[in-house]
Amino acid sequence: MARAPQVLRGMRDFLPEQMLLRQHVLNTFRDVFERYGFEPIETPVIEYLETLTGKYGEDEKLIYSFQDRGERDVGLRYDLTVPLARFVANHRNELTFPFKRYHIAPVFRADRPQRGRYREFWQCDADIVGTKSMMADAEVVSVWIDALSAINMPGFVVHINHRKLLMSLAEVAGVPDEQTPTIHRAIDKLAKIGEDGVLEEMKSNGIPEDAARKVLDLVSITGEPDKVFDELANRLAGNELAEEGIAELRALFRFLDQMGAASEHYTLDLTLARGLDYYTGPVFEAMSVDANIGSLGGAGRYDGLVGMFSGEDLPATGCSLGLERIFDVIQERNLVDAPSTVSKALVTVFNEDTIGDSLALVGELRRAGIQSEVFVGEKLELRRQMQFANRKGIPLTVILGPDEIQAGQAVLREMESGEQTTISRNDVAETIRTRLGLS
RNA sequence: GUGCCCGUAGCUCAAUCGGCAGAGCACUGGUCUGUGGAACCAGGGGUUGCGGGUUCGAGCCCCGCCGGGCACCCCA
């Protein structure tokens, strides 16, 4: 004991039962993404370091970087968005635009681990490249809502804001542009620390009180989106950035409504400030009010990112879901049913002399498309094999002893009920298929 | 990256003031040589996360590292 090496900090192993649940979630997401016309791609886990740097702002320090054997400076991907931009820049002549892709893969961050925060975690991204239309942003929000709904995520809401509105705040308040991040950081905490806290935070970071109040008044506007947009348009009249942002958000909300997106799952939130440098338009964050695990996903429009690689601007928007957080919630709350094992049937082995009969039968079951296994242990007591099936949750066992073999029969046992039926050896595969609802 | 809490069997935890490392569950075997889940009996399992220090003596005190958690920062 205690001699076995540990896994690296912030990284984990998954047992088969957990993997079956993860795969179930991933398959659900894949289905939803493909229902919207998103197509799969894959990119390398490792990129040249320069591909990754200069895209994330402050967070850049969390990139896992090192030198490979050829002394190249490389890094593990920090998200799937920057690799997508690089991918599009490389393959732009081979793609049909608007290009819709999904990408489900692990990413790495050298962050300090906590609940729901790991150093290796999977992201599930869906993005649309090559259009500025707010239809694309609406699709992204909608696919997100459908994906989270499909796995029964409780009480989730997609918060929506706009980068251009956020950028106009400093201007409106009359403080220098460098203060913009400070303002964003402060207002993002409104729900958490309240108005006084936000004012205090801005003031202690050198923002004059009247400017701080002006900002707070603006982002505190709530209500029906259209009303909020009218109010904002009024107060921000003449501010070009803000006007663009408002117009785009109006279109986005109209499209969402026309698509029939479930309105209880999205909301305008003027305090939402997403930190990543590359966002340029609408920004989104998916949160579960019930689950207490932070955000489930972040998203937004990043019209300048592809251009950083190709010199040719291609607008893009997309969303990202964090599998580990979703998985942790599902597991804790038992939200999704997934089988505990892959096998549907266990063919038992009576003794050394009947091994051949059992092997022949399991082969037949497999050719009939039934996920099945034969007991491959060394000790062949039947009770041991029953126990094996029971513990793994295999629903059916086939008992094939000398009596059955002699009579050309087999005994099919339903493990949950204990009910046994003797059937003809020739009917085993078909009977099992019927029981499993396969034919 | 900063501050704090924590680490004893596979899991959950106990061990008085620094004085012989334990229990339940799980696991293995048996009661039970053609049938799992229950019960009873027995058994295996530990350099107390790792390394150093203090002490006659360390699971307990001190230092470093590894790992987990909380709050920041930030984020999925």
Side-chain angles (χ1 to χ4, degrees), chain A residues 1-12 15 56-63 77-81 104-125 144 148 153 156 181-182 184-185 188-189 192-193 201 272-277 283-288 291-300 319-329 346 348-351 354 375 379-405 410-420 422:
Chain A
M1 266 332 84
R3 277 277 84 121
Q6 296 175 294
V7 296
L8 237 36
R9 170 168 238 199
M11 308 195 177
R12 7 179 229 174
L15 296 168
Y56 302 111
E58 278 291 295
D59 291 353
E60 187 164 311
K61 58 178 190 277
L62 299 181
I63 295 173
R77 62 184 167 211
Y78 178 89
D79 63 10
L80 300 177
T81 307
I104 296 174
V107 303
F108 300 84
R109 297 185 187 179
D111 206 349
R112 188 143 165 186
Q114 258 179 62
R115 170 183 154 82
R117 178 184 293 192
Y118 304 95
R119 289 188 165 180
E120 176 184 22
F121 62 97
W122 284 57
Q123 288 195 325
C124 311
D125 280 33
W144 235 16
L148 289 171
M153 179 58 61
F156 76 89
T182 309
H184 293 173
R185 226 173 295 131
D188 194 43
K189 294 181 191 162
K192 200 170 180 180
I193 62 178
E201 169 119 6
L272 170 66
R274 294 196 45 80
L276 293 179
D277 266 13
V283 287
F284 316 108
E285 186 156 332
M287 292 187 252
S288 169
N292 178 35
I293 200 161
S295 94
L296 300 170
C319 63
S320 178
L321 284 173
L323 178 64
E324 327 305 303
R325 288 184 179 179
I326 289 164
F327 175 68
D328 286 355
V329 172
L346 174 74
T348 60
V349 179
F350 191 80
N351 61 31
T354 66
F375 187 77
K379 297 183 178 173
L380 297 177
E381 296 103 43
L382 204 47
R383 62 179 278 108
R384 193 178 291 274
Q385 303 184 47
M386 289 295 155
Q387 205 170 63
F388 177 82
N390 184 48
R391 285 186 188 171
K392 293 200 66 175
I394 300 172
L396 297 170
T397 51
V398 181
I399 298 162
L400 201 55
D403 299 346
E404 288 80 13
I405 294 168
V411 171
L412 186 57
R413 180 181 180 85
E414 184 112 34
M415 292 304 280
E416 182 150 353
S417 63
E419 181 199 336
Q420 294 192 171
T422 302

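First the proteins, then the strands, lettered A, B, ... as listed; each starts at 1.
Taking the ring-ring contact (aromatic ring centres under 6.0 Å, His included) definition, one finds that A:F156 meets it with A:H265, sequence neighbours left out.
Of the candidates B:rC70, B:rG36, B:rC74, B:rG36 carries the atom nearest the A:M415 side chain, counting heavy atoms from C-beta on. When distances run from any side-chain atom of A:E404 to the nucleotides B:rU35, B:rG34, B:rA76, the shortest one goes to B:rG34. The side chain of A:R325 lies closest to B:rC75, out of B:rG36, B:rC74, B:rC75. Distance from the side chain of A:D403 is smallest for B:rG34 among the nucleotides B:rG67, B:rG34, B:rG69.
Regarding contacts with the backbone of B:rG68, a side-chain N or O of A:R9 is found under 4.0 angstrom from either OP1 or OP2. At B:rU35, none of the side-chain N or O atoms of A:R383 fall inside 4.0 Å of OP1 or OP2 (strictly under the cut-off).
A salt bridge is defined here as a Lys NZ or Arg NE, NH1 or NH2 lying under 4.0 Å from an Asp or Glu carboxylate O, and A:E201 with A:R185 fails to meet this definition. Taking a cutoff of 4.0 Å between a charged side-chain nitrogen and a carboxylate oxygen, A:D111 and A:R119 do not qualify as a salt bridge.
Cation-pi contact between A:R109 and A:Y78: present, with separation from the ring centre below 6.0 Å and deviation from the ring axis of at most 45°. Both tests hold for A:R12 against A:Y118: distance to the six-membered ring centre under 6.0 Å, angle to the ring axis within 45°.
B:rG59 sits 11 Å from B:rC50 when the P atoms are compared, rounded to a whole Å.
Between the side chains of A:Y56 and A:D79, at least one donor N or O lies within less than 3.5 Å of an accepting N or O.
By the criterion of a centre-to-centre distance under 5.5 Å and near-parallel planes under 30°, the ring of A:F388 forms no stack with the base of B:rG36.
Judged by distance alone with a 3.5 Å cut-off, no donor-acceptor contact links the side chain of A:R391 to the base of B:rG36. For a distance-only test at 3.5 Å, the side chain of A:Q6 fails to qualify as a donor-acceptor partner of the base of B:rG68.
As rounded to whole Å, 8 Å separates atom C1' of B:rG29 from atom NZ of A:K379. Between the CZ atom of A:F350 and the P atom of B:rU33 there is a distance of 12 Å, rounded to whole Å. Rounded to an integer number of Å, the gap from OH of A:Y56 to P of B:rC75 is 13 Å. Residue A:R115 contributes atom CZ, which lies 10 Å from atom P of B:rA71 at whole-angstrom precision. Counting to the nearest Å, the C1' atom of B:rU35 and the CG atom of A:L382 are 5 Å from each other.
Here the shortest heavy-atom pairing between A:E285 and A:S295 reads OE2-CB, 2.9 Å.
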Using atom names, set out every protein N or O paired with an N or O of nucleotides 1-5 of chain B below 3.5 Å, distance rounded to 0.1 Å.
residue, atom, partner, partner atom, Å
B:rU2, O4, A:R112, NH1, 3.2
B:rG3, O6, A:R112, NH2, 3.1
B:rC4, N4, A:R112, NH2, 3.0

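Where A:E381 and A:P402 meet RNA chain B, the nucleotide closest to each residue was compared, and A:E381 sits on the side nearer the 5' end. Comparing A:L8 and A:Q385, the nucleotide of RNA chain B nearest to each residue sits closer to the 5' end for A:Q385.
Residues A:D125 and A:I104 fail the side-chain proximity criterion, which asks for heavy atoms closer than 4.5 Å.
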### Dot-bracket line, read 5' to 3' along RNA chain B, where crossing pairs take [ ] and | marks a partner on another strand, Watson-Crick or G-U under 3.5 Å
(((((((..((((.....[..)))).(((((.......))))).....(((((..]....))))))))))))....
